[in-house]
Amino acid sequence: MADRFKPETKLSQWDALMLESLKAYGWPSDEPISRVQAGNLPTDDSKFHFDYTALTALVNGEASTFEQAVMNGYQIKYNTIRGIHSWVLVALQEEAELILEPENEAVIAHLSEADAQRLASVFSFGWSLSLHEETQDSDRSASYRVAPIRA
C-alpha cells in the first residue's frame with residue numbers, strides 16, 4: 001500500500017499511543033488539546049497504564065507539535081513491531097496477531113481500507129503494509145500484514 005499522506009508532525013511511539021488513548025474517549029477534536037494543557041486528564045486503567053502527564057510536558061515544550069498532531073495527524077518517529085501491535089489495539093480497537101518469528105516479524109490485523117490507510121500514514125520509515133488475504137468480508141474489511149521492509 002503506497003503512502004498517500006504522511007503528516008509532517010512527528011511523535012514518539014509512546015506519545016502517539018497516549019494520544020490515541022485519549023481520542024478513544026470520543027471527545028470533540030480539540031478537547032484533548034485543552035485537557036492536556038490544563039492537566040485535566042483521566043486515569044488510565046488499561047494494560048498500558050499511560051501517564052498522560054508526559055503529554056502535558058510535551059505541550060509545555062512543543063505546543064504546536066501536539067496541536068498539529070491532534071488536528072492534522074502525525075507520523076511516528078520510530079516504530080517497533082510491538083509498538084505497531086499496540087497502536088492497532090489502542091487506535092483502531094482491533095486485536096491483531098503479533099508474529100515474532102525471527103526474520104518474519106509481522107502484525108496481522110483485520111481492518112477496513114480506511115483504517116489500513118490511517119495505519120500506513122503513521123508508520124516511520126522502514127515499514128510496509130500489504131493485503132495478507134485477498135478476500136474481503138461483507139463489511140469490506142480485509143486482513144493486512146505489517147512488516148519491516150527487508151533489503
Side-chain angles (χ1 to χ4, degrees), residues 1-59 62-100 105-133 136-137 139-149:
M1 177 171 277
D3 295 340
R4 293 186 181 164
F5 172 72
K6 285 285 189 183
E8 290 184 24
T9 303
K10 298 196 186 292
L11 292 179
S12 72
Q13 188 167 263
W14 193 248
D15 287 346
L17 285 167
M18 287 191 291
L19 173 56
E20 294 301 333
S21 174
L22 289 176
K23 285 181 174 183
Y25 282 94
W27 298 325
S29 62
D30 61 341
E31 190 164 343
I33 297 168
S34 60
R35 283 182 172 262
V36 169
Q37 287 172 332
N40 180 15
L41 298 162
T43 300
D44 181 46
D45 294 327
S46 75
K47 70 179 185 176
F48 298 101
H49 302 289
F50 293 122
D51 179 2
Y52 298 116
T53 58
L55 288 179
T56 302
L58 174 64
V59 166
E62 301 176 52
S64 65
T65 297
F66 184 73
E67 290 172 14
Q68 290 296 319
V70 171
M71 302 306 286
N72 301 319
Y74 58 87
Q75 184 179 6
I76 296 173
K77 293 176 187 176
Y78 179 80
N79 285 112
T80 64
I81 196 75
R82 291 178 194 270
I84 291 170
H85 181 260
S86 295
W87 192 93
V88 168
L89 178 62
V90 173
L92 304 176
Q93 287 83 48
E94 177 67 31
E95 186 64 54
E97 179 184 359
L98 179 61
I99 300 169
L100 296 174
E105 301 92 350
V107 172
I108 308 294
H110 200 75
L111 306 170
S112 68
E113 185 175 339
D115 283 346
Q117 289 176 359
R118 182 172 174 221
L119 173 58
S121 76
V122 303
F123 287 156
S124 62
F125 179 76
W127 294 91
S128 68
L129 177 72
S130 58
L131 275 173
H132 181 61
E133 296 173 356
Q136 287 187 340
D137 290 347
D139 65 353
R140 302 194 44 85
S141 61
S143 184
Y144 289 87
R145 177 184 176 89
V146 179
I149 296 172

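Residues: numbered from 1 along the sequence shown.
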Report yes if the side chains of Ser124 and Lys77 come closer than 4.5 Å at any heavy-atom pair, otherwise no. no
Closest contact, heavy atoms only, Ala142 versus Leu131: CB-CD2, 3.7 Å
Output yes when Glu20 and Arg118 qualify as a salt bridge under the 4.0 Å nitrogen-oxygen rule, no when they do not. yes
So how far is it from Gln13 CD to Ile84 CD1, rounded to the nearest 0.5 Å? 7.0 Å
Any chance you could measure Asn40, atom CG, to Arg35, atom CZ, to the nearest 0.5 Å? 4.5 Å
Show your reasoning for whether side chain to side chain contact (heavy atoms under 4.5 Å, CB included) applies to Val122 and Gln75. CA-CA 4 Å; Val122 303; Gln75 184 179 6; 5.8 Å; no
Please work out whether the ring planes of Trp127 and Phe123 are parallel, tilted or perpendicular, with thresholds of 30° and 60°. tilted
Would you please test Ser141 and His110 for side chain to side chain donor-acceptor pair (under 3.5 Å) and show each step? CA-CA 7 Å; Ser141 61; His110 200 75; 3.0 Å; yes
Parallel, tilted or perpendicular: ring planes of Phe50 versus Phe48, cut at 30 and 60 degrees: parallel
How many angstroms lie between CH2 in Trp27 and OG in Ser34, if you round to the nearest 0.5 Å? 8.5 Å
Let me see the working for Leu55 and Leu22 under side chain to side chain contact (heavy atoms under 4.5 Å, CB included), right down to the final yes or no. CA-CA 11 Å; Leu55 288 179; Leu22 289 176; 3.7 Å; yes
Which distance, rounded to the nearest 0.5 Å, do you find between the CD of Glu62 and the CG of Leu11? 9.0 Å
Minimum heavy-atom distance Val107-Ala96, with the two atoms named: CG1-CB, 3.6 Å
What one should report as the nearest heavy-atom pair of Ala69 and Lys23 is O-NZ, 4.4 Å
Note, Trp87 side chain near Leu92 side chain (heavy atom, < 4.5 Å): yes
Of all heavy-atom pairs between Tyr144 and Glu113, which one has the smallest distance, and what is that distance? OH-CA, 3.9 Å
Please report the closest heavy-atom contact between Ile81 and Val146, naming both atoms and the distance. CD1-O, 4.2 Å
Before you tell me yes or no, could you show the steps for Leu89 and His85 under side chain to side chain contact (heavy atoms under 4.5 Å, CB included), namely the whole-Å CA-CA distance, both residues' side-chain angles and the distance that decides it to 0.1 Å? CA-CA 7 Å; Leu89 178 62; His85 181 260; 5.8 Å; no
Applying side chain to side chain donor-acceptor pair (under 3.5 Å) to Ser21 and Tyr52, what does each step give before you reach the verdict? CA-CA 10 Å; Ser21 174; Tyr52 298 116; 2.5 Å; yes
Between Ser29 and Met71, does the side chain to side chain contact (heavy atoms under 4.5 Å, CB included) criterion hold? Intermediate values first, please. CA-CA 7 Å; Ser29 62; Met71 302 306 286; 3.9 Å; yes
Begin from the C-alpha positions of Gln37 and Thr56 and carry the test side chain to side chain donor-acceptor pair (under 3.5 Å) through to its verdict. CA-CA 6 Å; Gln37 287 172 332; Thr56 302; over 6 Å; no
Could you grab the distance from atom NE2 of His132 to atom CD1 of Ile108, nearest 0.5 Å is fine? 4.0 Å
Return the CG to CZ distance between Leu100 and Arg82, rounded to the nearest 0.5 Å. 4.5 Å
Please report the closest heavy-atom contact between Phe66 and Pro32, naming both atoms and the distance. CE2-O, 4.0 Å
